[in-house]
Amino acid sequence: MPLTFLNWLLALSPVLAVLVLMLAFKWGGSKAGAAAWVVAIAVGVLHFGAGPAVIGYAQAKSILLTLDVLLIVWSALLLFHVADEAGAVEVIGERLPALTGDRMMQALLLGWVFVSFLQGVGGFGVPVAVVAPLLVGLGFAPVQAVIMSSIGHGWAVTFGSLATSFVALIATSGMSGEMLAPTAALFQGVAAFFSGAIVAYVADGWKSMLRGLPAIAVLTAVMGVVQYFLATNGLWTLGATGAALVGLLVGVGLTRLPIYNGKARQTAAAPPPDGERRSLAISLSAYGVLIVLAFGINLIPVLDAAFNSVRVTLQFPELVTAAGWVTPAEAGRSLSLFGHPGAILLYASLAAYGIYAWAGYYKPGAPNRIASKVAKGAVKSSLGIAAMVGMATIMSHAGMTNMLARGISESVGPGVYPAVAPLLGTLGAFMTGSATNSNVVFGALQRQTAELLGLSATLIVSAQAAGGSLGSVLAPAKIIVGSSTVGLAGEEGKVIGRMLVLGLIPVLVVAVLAWVLATL
Amino acid sequence: MSQQTEQDRPLSWRAQYKFPIQSAALAAIVAGSFGVYAALQSGAGVLAALAFGLVALGMVATVWVS
């Protein structure tokens with residue numbers, strides 16, 4: 001099919017539908033995604049010659065990709081609510097700032113490291129919702145609290161939520177995690193430094209930020225290296241979680257230094273309603289169990305073989321549209337029933353529940369509350385992911401993604417595109433409020449554009465991940481949620497302007513880095 | 001006043017059953033997609049169309065209730 005402006009615009013129409021519906025009509029992701037799915041089918045069938053078999057097999061293929069993501073989403077939410085219902089999350093958030101009276105260090109520990117830990121183990125809006133009020137409780141202004149907790153965890157989104165958005169990127173770009181992880185982790189590590197510096201600046205001004213640079217550099221190095229190590233050894237689901245956990249330990253150690261100690265506060269945490277004081281060690285046990293299980297199952301060969309012996313996969317035939325676009329025959333996404341990261345999360349959740357129950361941390365009715373919160377949180381996001389992945393897969397099989405890539409590659413040259421790639425990811429996440437959605441919508445497009453321009457697909461797709469990660473915290477939808485938790489509902493305007501100016505700094509750094517790496 | 005009651009009733013019904021409808025939509029999308037694959041592999045075009053209709057119904061329900 002020839003590259004014309006009309007063909008290119010029609011190929012873009014499902015993506016445009018998502019953006020217009022979410023921005024102009026304020027539709028949620030699941031609603032806009034489902035509508036865009038319908039648009040993709042209509043345009044694919046009527047204009048791009050995708051027949052029933054192409055559409056049907058594309059939809060079937062997409063559900064395997066979707067399940068690969070959803071198994072993690074559901075289990076990650078389960079683990080989070082198991083811990084949260086036990087009061088464990090609150091304990092961790094209250095004990096940390098009591099270690100130091102230095103406002104800048106308090107902000108770094110909570111608004112950069114702990115919030116990233118929460119992104120690692122949960123995401124889905126939880127980090128800001130939990131940490132922003134904690135920062136307000138420490139005496140920071142609500143606007144400061146929202147900005148710090150938002151920008152502070154932007155670097156941890158790609159490998160956060162147990163790497164949900166990274167897995168989605170693998171699914172839609174068709175590239176392996178092993179190929180993408182090194183460069184993606186590099187970008188995220190560099191961005192982490194700037195995220196931390198911005199948090200310190202917002203907390204206490206330029207002078208405190210400069211004083212905090214050594215601590216920020218040490219924590220960046222530690223978290224960046226740990227995340228890189230985990231991601232490049234097949235443990236990307238633990239990338240942000242492991243990095244932030246180690247960051248917490250090192251951060252606690254840094255508060256012992258005179259320059260960062262200030263006057264340590266007495267632990268002023270109010271006793272929990274049931275009168276039982278909770279142990280920090282037991283509170284962290286859920287995540288300790290997760291790390292032990294993930295390391296054990298993935299790195300011990302006999303366990304790896306045993307847990308991954310049962311797999312579900314489907315074979316798909318070659319598919320050809322009436323316009324001549326060919327999708328080769330291939331196996332669909334292979335799902336390991338017992339070794340999947342979602343399964344590991346389930347085991348950790350069950351073990352954690354047992355530990356917290358044994359410690360007496362639950363009030364009566366906890367299982368029902370946990371199940372209800374998980375279901376209500378997961379169903380809506382599951383619909384959004386299913387719709388968006390379905391849309392993206394149908395676009396790819398109809399030749400629409402290739403049409404978009406051809407148009408972009410002929411408009412933006414290879415010398416400039418590496419810097420544009422992360423900005424596109426940021427734009428996608430900013431518009432949709434989700435790094436996962438941005439990766440789903442643009443993952444295949446970024447890869448095909450890179451290939452047409454003769455650029456490294458690994459570099460470009462990794463830049464997409466980084467841009468989406470950093471852009472997701474700037475989304476109006478996320479800012480609205482964060483603002484509502486600190487009493488700024490209806491006053492988001494106070495937050496948005498400053499957030500955008502500061503939040504784009506890490507994105508521009510990644511854009512420059514991507515351009516430099518492309519020219520080496 | 002009776003007009004306001006009648007106008008309010010569909011909205012409150014939709015709000016009341018939002019979660020069950022979303023759950024059913026998700027189940028329809030997942031089950032329907034596997035159904036499409038099985039039917040296409042068997043050469044049963046009509047069944048494939050019905051299964052795809054189930055997927056489409058799930059998507060439409062998502063738009064309607066969200």
Practice problem: Give, for atom OG1 of A:Thr66 and atom NZ of A:Lys61, the distance between the pair rounded to the nearest 0.5 Å. | Solution: 13.5 Å
Practice problem: Report yes or no: do A:His340 and A:Asn308 form a side-chain donor-acceptor pair below 3.5 Å? | Solution: no
Quiz item: Who wins among A:Ser382, A:Pro52, A:Gly28, A:Ala53 for the most heavy-atom pairs under 4.5 Å with chain B?
Solution: A:Ser382
Quiz prompt | Spacing of CG belonging to A:Leu70 relative to OG belonging to A:Ser381, to within rounding of 0.5 Å | solution = 7.5 Å
Self-check item: Best-contacting candidate, B:Val30, B:Val63, B:Val36, against chain A by heavy atom pairs under 4.5 angstrom
Solution: B:Val63
Quiz item: Measuring heavy-atom distances to chain A, does B:Ala56 have an atom under 4.5 Å in its side chain, in its backbone, in both, or in neither?
Solution: both
Practice problem: Anything under 30° is parallel, anything over 60° is perpendicular, the rest tilted; go ahead and classify A:Trp37 against B:Phe52. | Solution: parallel
Quiz item: Heavy-atom distance under 4.5 Å to chain B: side chain of A:Ala378, backbone, both or neither?
Solution: neither
Quiz item: Would you say the side-chain atoms of B:Gln22 and B:Tyr17 include a donor-acceptor pair closer than 3.5 Å?
Solution: no
Quiz prompt | Heavy-atom proximity to chain A below 4.5 Å, by part of B:Ala48 | solution = neither
